[in-house]
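Remember, predicted model here, so these are calculated numbers, not experimental data. When a ligand or atom number is given, it counts from 1 through the structure's own listing order.
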Amino acid sequence: MAGYSIPTTERSTEAAYQQCLNPSCSATFGIDEAHFSCPKCGDLVDVVYDWDRLPVPRALSDFEAKWSRRLDPLCFSGVWRFRELLPFAPADRIVTIGEGQTLLQRADKVGAFVGMSTGNLMLQYEGMNPSGSFKDNGMTAAFTHARMVGARRVACASTGNTSAALAVYCSATDHGFKAIIFIGSGKIAYGKLAQALDHGALTVQIVGDFDDAMTRVREVSDRLGIYLMNSVNPFRLEGQKTIMYRVLEANGWEVPDWIVVPGGNLGNSSAFGKAFIELKHLGLIDRVPRLAVINAAGARTLNELYSAREVRWRSGLADSAKIGAFYNELDASGVKASTIASAIEINRPVNLKKCLRALEFCDGVVRQVSDQQIMDAKARVGAGGLGCEPASAASVAGAKLLREEGVIAPSDRVVCILTGHQLKDPTATVAYHGADQENFEKVLGSRGVRRAGFANRPVIVPNDLDDIIRTIALYSEAESAGA
Ligand code: F0G
């Protein structure tokens with residue numbers, strides 16, 4: 001199919017190289033160069049492989065051989081045990097801290113909330129990564145590339161998780177990396193800020209939001225020659241492809257019907273699409289899942305462009321006039337992204353075009369969900385097993401919406417990606433469940449959240465043994481009456 005043809009050797013003498021996404025440019029670069037946009041035309045850059053010259057497994061199940069070699073860090077890592085599918089790095093350059101030990105959990109209680117048949121909803125829990133979010137999948141790959149090109153200072157703009165992961169990789173490894181992170185003022189959840197500070201990153205808080213921080217970090221990196229770790233870095237996305245390999249692995253190499261993922265800067269959705277394009281090209285899967293990308297209503301650029309204005313990939317030429325017009329409208333109205341799901345509080349997603357490619361290849365859909373839907377879904381995820389932060393719950397809220405619309409059938413096999421750990425943002429969780437109405441209004445009411453319908457309120461009891469015992473008895477009775 002045009003637009004995602006897999007390039008061949010003529011383009012380069014290397015089996016792995018970089019290429020501009022813009023079909024009217026298509027410039028190629030060596031793997032030993034660091035570009036965060038095409039130096040010729042400014043578009044996004046892809047990592048591409050000449051698979052004919054690379055040793056590719058005959059079947060995905062061949063990867064199982066790595067399980068018995070878990071003492072080798074490259075077999076232990078949930079990213080690098082799939083090294084043959086991201087073959088850009090010499091083994092002795094790989095930077096790994098054991099990322100990707102994540103799990104695909106069958107979640108029937110959450111499935112019932114979403115409206116799925118028993119056994120058909122699964123949660124891919126990326127909160128189990130060393131820094132507590134999916135970002136580590138990308139960081140291990142980008143740090144590996146940074147090491148290949150001899151970079152020392154590494155920077156990112158972040159809504160919190162990228163910066164946490166960056167700080168962890170700098171502090172947990174011994175290759176002389178120094179972390180510089182840019183955050184918007186008051187825009188980052190405490191759990192994430194705590195990580196950046198604790199792990200010793202130079203934390204630059206600018207007056208503005210994520211979109212402002214992103215613009216600045218690009219300028220600063222350019223000016224000072226600092227290696228950029230945001231997902232405009234194509235090597236980040238190579239690592240994030242492996243989330244999909246692990247979903248397949250945990251599902252006995254069966255392809256599910258749907259992958260549902262929150263959309264912020266659109267790195268994950270782009271990486272997932274690339275993973276499936278390549279797996280299909282290599283004949284390692286015979287069909288692809290459908291992709292659903294879920295925006296928060298307060299940061300709905302993708303949904304507006306894709307669902308309302310019908311912006312499409314168009315072989316890499318993606319309607320740039322329509323995109324530009326929307327951004328001009330945003331600027332003219334002074335609208336800033338605003339959602340309780342601070343991780344995805346982004347109005348100018350840098351990977352928009354790559355995400356459009358993924359949506360086309362995976363017959364994708366895009367939806368937006370309100371902060372009320374996000375917080376309710378988050379509470380159900382917590383009650384049903386693994387906890388997550390608000391942005392992650394957008395995937396479950398989105399799956400529920402698509403179920404209600406009849407786009408997803410109860411019998412479909414659906415995987416929602418839980419991108420970040422519950423403890424990343426305790427403020428939102430405590431405001432939802434807590435009995436403090438003032439706090440609820442301050443944190444959630446201001447975001448349009450009106451009810452905490454699934455709240456598990458703490459019970460306030462006098463410090464008296466009889467009172468405590470009476471309260472427990474009362475709750476046990478209420479529970480068995482409700483059971
Ligand atoms: N979920 C969480 C928990 C995130 O931290 C992010 C992005 C997303 C979803 C969105 O993923 O950008 O691939 O669409 N966080 C970035 C950050 C922007 O700076 O930590 P995406």
Side-chain angles (χ1 to χ4, degrees), residues 102 124-129 131-139 142 155-168 181-184 187-189 191-193 195-196 201 203 209-214 217 228-233 236-237 239-241 243-244 259-274 291-296 299-303 337 339-352 354-356 358-359 366 369 374 378 381 387-398 416-425 428:
T102 62
Q124 174 66 16
Y125 188 46
E126 290 297 315
M128 288 173 76
N129 273 295
S131 81
S133 88
F134 75 89
K135 302 285 179 182
D136 298 1
N137 295 283
M139 280 301 159
C156 71
S158 184
T159 56
N161 281 324
T162 302
S163 51
L166 180 78
V168 166
I181 65 175
F182 285 60
I183 55 173
K187 291 289 182 183
I188 156 169
K192 305 172 191 183
L193 181 59
Q195 288 178 289
T203 304
D209 63 7
F210 171 82
D211 295 311
D212 300 320
M214 189 68 228
V217 78
L228 188 59
M229 285 287 180
N230 280 101
S231 53
V232 282
N233 179 329
R236 273 269 311 273
L237 303 193
Q240 287 170 218
K241 292 190 306 191
I243 300 171
M244 289 301 101
I259 301 291
V260 190
V261 63
N265 236 353
L266 307 179
N268 257 345
S269 44
S270 300
F272 298 173
K274 188 169 190 282
L291 183 65
V293 185
I294 313 299
N295 273 166
R300 61 183 175 92
T301 295
L302 180 68
N303 191 40
T339 167
I340 190 66
S342 57
I344 53 174
E345 194 173 53
I346 297 171
N347 261 350
R348 292 176 186 258
V350 295
N351 287 298
L352 177 64
K354 287 184 177 176
C355 176
L356 293 172
L359 286 165
V366 180
V369 288
I374 287 174
K378 189 179 111 58
V381 169
C388 68
E389 63 168 285
S392 312
S395 63
V396 172
C416 291
I417 312 298
L418 297 186
T419 46
H421 198 282
Q422 181 180 36
L423 298 178
K424 290 278 191 176
D425 187 358

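Among all protein heavy atoms, the one lying closest to atom 12 (O) of ligand 1 is Asn265 N, 2.7 Å. For atom 5 (O) of ligand 1, the nearest non-hydrogen atom of the protein is Asn161 ND2, 2.8 Å. Nearest protein neighbour of atom 10 (C) of ligand 1, counting heavy atoms only, is Ile344 CG2, 3.5 Å. For atom 1 (N) of ligand 1, the closest non-hydrogen atom on the protein side is Thr419 OG1, 2.6 Å. In terms of protein heavy-atom proximity, atom 15 (N) of ligand 1 is closest to Lys135 NZ, 2.9 Å.
Looking at Phe134 next to ligand 1, no N or O pair under 3.5 Å apart turns up. The distance criterion of under 3.5 Å between nitrogen or oxygen atoms is met by Leu266 with respect to ligand 1. The shortest N or O to N or O distance between Ser269 and ligand 1 is not under 3.5 Å.
For the atom pair Ile417 CD1 and Ile294 CD1, the distance stands at 11.5 Å (nearest 0.5 Å).
In this structure, Ser133 has no heavy atom closer than 4.0 Å to ligand 1.
Judged purely by atom type and a 3.5 angstrom limit, Asn233 has no side-chain atom pairing as donor or acceptor with the backbone of Asn230. Between the Arg236 side chain and the Met229 main chain, a donor and an acceptor come within less than 3.5 Å of each other.
Atoms of ligand 1 lying under 4.0 Å from at least one heavy atom of Gly267, given by number and element, are 12 (O), 13 (O), 14 (O), 21 (P).
In this model, a donor atom of one side chain and an acceptor atom of the other lie less than 3.5 Å apart for Asn161 and Lys424. Between the side chains of Gln124 and Thr102, at least one donor-acceptor pair of N or O atoms lies under 3.5 Å. There is a side-chain donor-acceptor pair under 3.5 Å between Gln240 and Asn268.
Neither the backbone nor the side chain of Val261 has any atom closer than 4.0 Å to an atom of ligand 1 (non-hydrogen atoms only). Heavy atoms of Glu389 found under 4.0 angstrom from ligand 1 belong exclusively to the side chain. Of all the heavy atoms of Thr159, the ones lying under 4.0 Å from any atom of ligand 1 are found in both the backbone and the side chain.
For the pair Glu389 and Lys378, the salt-bridge criterion is not met [side-chain N within less than 4.0 Å of a carboxylate O].
Of all the listed residues (Cys388, Gly264, Ser163, Gly132), Gly264 holds the heavy atom that lies closest to atom 14 (O) of ligand 1.
A 4.5 Å side-chain heavy-atom check between Glu345 and Asp209 finds every atom pair outside the cut-off.
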